[in-house]
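I have placed the structure first, in the form of structure tokens, so that the comments after it can refer back to it.
Computed from a predicted structure; not experimentally measured. Each chain gets a letter, A, B and so on, in the order the sequences are listed, and its residues count up from 1.
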There are 2 protein chains.
Amino acid sequence: MPATIYDIARQAGVSSSTVARVLRGDTKGDRKDSAERAARIRQIADSLGYRPNLRARAFSEQRTKGVGLLYTDDAWVFEGVNDKVLQGLVRELRKHDHHLLLVPVDEGGDWEELLLGGHVDGCVTFQPLSEPVRNGIRQAALPCVLLGDNSDCDLPHIVVDDVAGSYSAARHLIALGHRRIGLYVHNTVKPHCSIQERFQGFETAMTEEGLEPNFWHCSEDEMISVLTRGGARPTGLICYSDLESTLIGHAMWQYGLKIPADLSLIGFNDKFATKYMTPPLTTVGFDANQIGTLGAELIIRSLTSDGLSEDQPPTSIQVKTQLIVRGSTAAPPKNA
Amino acid sequence: MPATIYDIARQAGVSSSTVARVLRGDTKGDRKDSAERAARIRQIADSLGYRPNLRARAFSEQRTKGVGLLYTDDAWVFEGVNDKVLQGLVRELRKHDHHLLLVPVDEGGDWEELLLGGHVDGCVTFQPLSEPVRNGIRQAALPCVLLGDNSDCDLPHIVVDDVAGSYSAARHLIALGHRRIGLYVHNTVKPHCSIQERFQGFETAMTEEGLEPNFWHCSEDEMISVLTRGGARPTGLICYSDLESTLIGHAMWQYGLKIPADLSLIGFNDKFATKYMTPPLTTVGFDANQIGTLGAELIIRSLTSDGLSEDQPPTSIQVKTQLIVRGSTAAPPKNA
DNA sequence: CTGAAAGCGCTAACAT
DNA sequence: ATGTTAGCGCTTTCAG
């Protein structure tokens, strides 16, 4: 039903190639007669409401201009600030005439056909890829960019400067006078490079001061029991993300304990709602939108450079963090 | 580079159609020789690592099995519980061998080619569509399903029972003894059917009791000034969404006012974090995931029924709400 | 600068 | 049941 270049060609009395060229803007218009002809072709195309058939084009060009967002964990995709990453990603992809597909790649996801059947030209991901997925995209030679993850060093990636982020968080607490400080990761958090790196920055700051870098990877109940026990309890807690901050802040409130009077709390990610917590959360922020934007640029680059320049190491970009001091941190209690 | 059905056909000494049929499972295998041949074909396909080329298939079948999620407002897509809707949507689409594309359709979105060029077979949306978009999908005869929106009655849609939700919220406050109750919508909220409907349920409950249904559509500062003024201030506030609850709850805290002692607060949507607010938020919840699941079914149905049965009115599904009573509501202050 | 023609890989109608 | 053939609509040589 929709008009094709052949319809236009027939009406204009020219060949389909001419139509294609004119519509693509490939005709210089040096000669007057061809300029006129081009104008007429464009006018006919308009009157017919012509639109290039993207399926045909994809078939012919052997690419869809589609990028798949690979994920295994529903919650993760929209967790924390990943929504902002996504926004930046989609917007930047659109600027380059590409689009984003959501592709769950877990067990039942039935992702193989979609991903390896050539319906996307490349992919990005927030999480470490499972072995089958990694093998799949490798065999299909599908370009892939890691966003906020560096689990595969062979792939270009964008990471947050987690080390510096947690270092600054720890430094902030130390400067306030805290000595017993811990890093808390909820036990449901999936393995991710940022866990180690956030620990590393934290550890560095602590050992610089001769302090012990306490680390907990457990349920919130266990964490709370640590926080509410007797004298040696931590007075400052750095959370792996704003999720932990939310849970801990809430539990403390339930126990009738005050933040920051009884515990100084620091989050990570600076997601929207943390500003409105009671008290507002001191947290480590970064430009999440930029991760998406840069990621889009990287994947577009891989898609554009026709497999040339294979030899250089994959690009690695680091996004800076910034400590945002709000109301959830203060000097430790006197008696501590 | 990847193997095609022709490669397989050549190796097996059969025609490409036979390969295609076997691979599609269209061969009954009644006769022994064909069963054997089918097995051999499958084996060759395996050894060649054959995968159907989805671009070619899309071209031939004249469809991509892609569904576009249309949106104009970045924040909205991931706002509130829309992330859950999205999860349900993607998962259910995958079950039916379809996938989801993120398609911003605002001014600079450059959406026309993608949407009208046949790169998606249908679309869904959370928000009222702009005039150009509506015209576009109408002309392209692109099936479209509205999720949590009914701005276009000609389109199948899934809505939340907002009327009942806000009615139950108001009833809850009335039962607690409140008389001065208001409904608050933040001024940045985009026009949406749920605003009117939430007002309607609220209004019904109030007028049943001869109470005045106060309504505010303003910035949080203005709202706060109303809440903190003298004697006639509202003692109960129903918020259009959890966003307003967050802002108001925070502002009250800043003013040194207590929830629910000084103000009973009710949210809408029951997004994850509201359970962890201080105090936990009483809110109107519903099964957001189901909106996505049902939406996927509807769009799949439109895509499958080949334009038959055009005459019946578009499907309209309503998702039920449930009031979740937590700590942010209580009897009004005595002196009020 | 233009036209003719091949090709992208699969589906489906038709003939055997 | 299998083979033959004609599309699907665009891009891209290759001649003219």
Side-chain angles (χ1 to χ4, degrees), chain A residues 1-42 45 48-65 97 113 116-119 121 140 306, chain B residues 1-42 45 48-65 97 113 116-119 121 140 306:
Chain A
M1 200 64 238
T4 71
I5 52 172
Y6 294 103
D7 299 327
I8 301 172
R10 197 169 340 106
Q11 276 204 32
V14 299
S15 77
S16 64
S17 348
T18 302
V19 174
R21 268 188 293 256
V22 167
L23 261 29
R24 195 185 328 142
D26 242 24
T27 307
K28 300 211 181 54
D30 283 354
R31 282 195 299 205
K32 186 159 163 251
D33 58 338
S34 30
E36 278 168 6
R37 174 155 36 184
R40 197 155 51 84
I41 288 173
R42 267 187 277 266
L48 256 37
Y50 171 78
R51 282 193 187 287
N53 181 318
L54 260 32
R55 291 183 305 266
R57 182 175 284 173
F59 179 48
S60 177
E61 292 186 334
Q62 316 219 59
R63 59 170 185 161
T64 61
K65 301 196 176 179
D97 193 26
E113 188 165 283
L116 308 178
H119 218 313
D121 302 337
D306 315 298
Chain B
M1 199 63 239
T4 71
I5 52 172
Y6 294 103
D7 299 327
I8 300 172
R10 198 173 335 109
Q11 275 203 34
V14 298
S15 78
S16 63
S17 351
T18 303
V19 174
R21 269 189 291 257
V22 166
L23 261 28
R24 198 185 327 145
D26 243 22
T27 307
K28 300 212 179 54
D30 284 352
R31 283 193 299 206
K32 190 162 160 246
D33 60 336
S34 27
E36 278 169 5
R37 178 156 33 184
R40 199 155 50 83
I41 287 172
R42 267 187 276 266
L48 257 38
Y50 171 78
R51 281 189 188 290
N53 182 319
L54 262 32
R55 291 184 303 267
R57 183 174 284 174
F59 179 48
S60 178
E61 292 187 333
Q62 316 220 61
R63 58 170 184 162
T64 60
K65 300 194 177 181
D97 193 27
E113 187 164 285
L116 308 178
H119 219 312
D121 303 338
D306 314 300

### Task
Determine whether B:Val14 and B:Val22 make a side-chain contact, defined as any pair of heavy atoms from C-beta on separated by less than 4.5 Å.
no
### Summary
When rounded to whole Å, the CZ to P distance for the pair A:Arg24 and D:dG9 reads 18 Å
### Summary
note: B:Arg63, atom CZ; C:dT11, atom C1'; distance rounded to Å ~ 11 Å
### Query
Is the phosphate of C:dG3, meaning OP1 or OP2, less than 4.0 Å from a side-chain N or O of A:Tyr6?
no
Which donor-acceptor pairs under 3.5 Å do the side chains of residues 56-64 of chain A make with protein atoms, sequence neighbours left out?
{"residue": "A:Thr64", "atom": "OG1", "partner": "A:Gly66", "partner atom": "N", "Å": "3.1"}
{"residue": "A:Thr64", "atom": "OG1", "partner": "A:His119", "partner atom": "O", "Å": "3.0"}
{"residue": "A:Thr64", "atom": "OG1", "partner": "A:Asp121", "partner atom": "OD1", "Å": "3.4"}

### Query
For the side chain of A:Arg51 and the base of D:dG9, is some donor closer than 3.5 Å to an acceptor across the two?
no
### Between P of D:dC8 and CZ of A:Phe59, the distance in whole Å
13 Å
### Message
At 4.0 Å (heavy atoms only), tell me whether A:Arg37 reaches a base, stays on the sugar-phosphate, or touches nothing.
### Response
sugar-phosphate
### Query
At under 4.0 Å between heavy atoms, what does B:Ser17 touch on the DNA or RNA strands: base, sugar-phosphate, or nothing?
base
### Message
Classify A:Arg55 by what it touches in the nucleic acid, base, sugar-phosphate, or nothing, heavy-atom distance under 4.0 Å.
### Response
nothing
### Task
Would you please confirm or rule out a distance under 4.0 Å between OP1 or OP2 of D:dT2 and any side-chain N or O of B:Arg21?
no
### Query
Which residue lies toward the 5' end of DNA chain C, B:Ala20 or A:Ser16, if each is placed at its nearest nucleotide?
A:Ser16
### Side chain of B:Arg57 (C-beta onward), nearest among C:dC10, D:dC10, C:dG3
C:dC10
### Query
What distance separates A:Arg10 CZ from A:Thr4 OG1, expressed to the nearest 0.5 Å?
7.0 Å
### Message
Just the rounded figure in Å: distance from C1' of C:dT11 to CG of B:Leu23.
### Response
13 Å
### Query
Are OP1 or OP2 of D:dT2 and a side-chain N or O of B:Thr18 less than 4.0 angstrom apart?
no
### Query
Could you state the CG-P distance from A:Asn53 to D:dG9, rounded to the nearest angstrom?
6 Å
### Query
Side chain of B:Tyr50: nearest nucleotide among D:dG9, C:dA4, C:dC10?
C:dC10
### Message
Any side-chain N or O of B:Thr4 below 4.0 angstrom from OP1/OP2 of C:dG9?
### Response
no
### Query
To the side chain of A:Ala56, which of D:dC10, D:dC8, D:dT11 is closest?
D:dC10
#### Entry: For atom CD1 of A:Ile8 and atom P of D:dG9, their distance in whole Å
13 Å
### Residue pair A:Val19, A:Tyr50: steps toward the side-chain contact (heavy atoms from CB on, under 4.5 Å) verdict
CA-CA 11 Å; A:Val19 174; A:Tyr50 171 78; over 6 Å; no
#### Entry: From CD (B:Glu36) to CD1 (B:Ile41), nearest 0.5 Å
12.0 Å
### Task
Starting at atom CD of A:Gln62, determine the distance to atom P of D:dC10, rounded to an integer number of angstrom.
17 Å
## Note on the structure
In whole angstroms, the gap separating P of C:dC10 from CD1 of B:Ile5 amounts to 5 Å
#### Entry: Approximate separation, where rounding is to 0.5 Å, of B:Ile5 CD1 and B:Ser17 OG
7.5 Å
### Task
Please determine, for the side chain of B:Ser15, which listed nucleotide (D:dG3, C:dG3, C:dC10) has the closest atom?
D:dG3
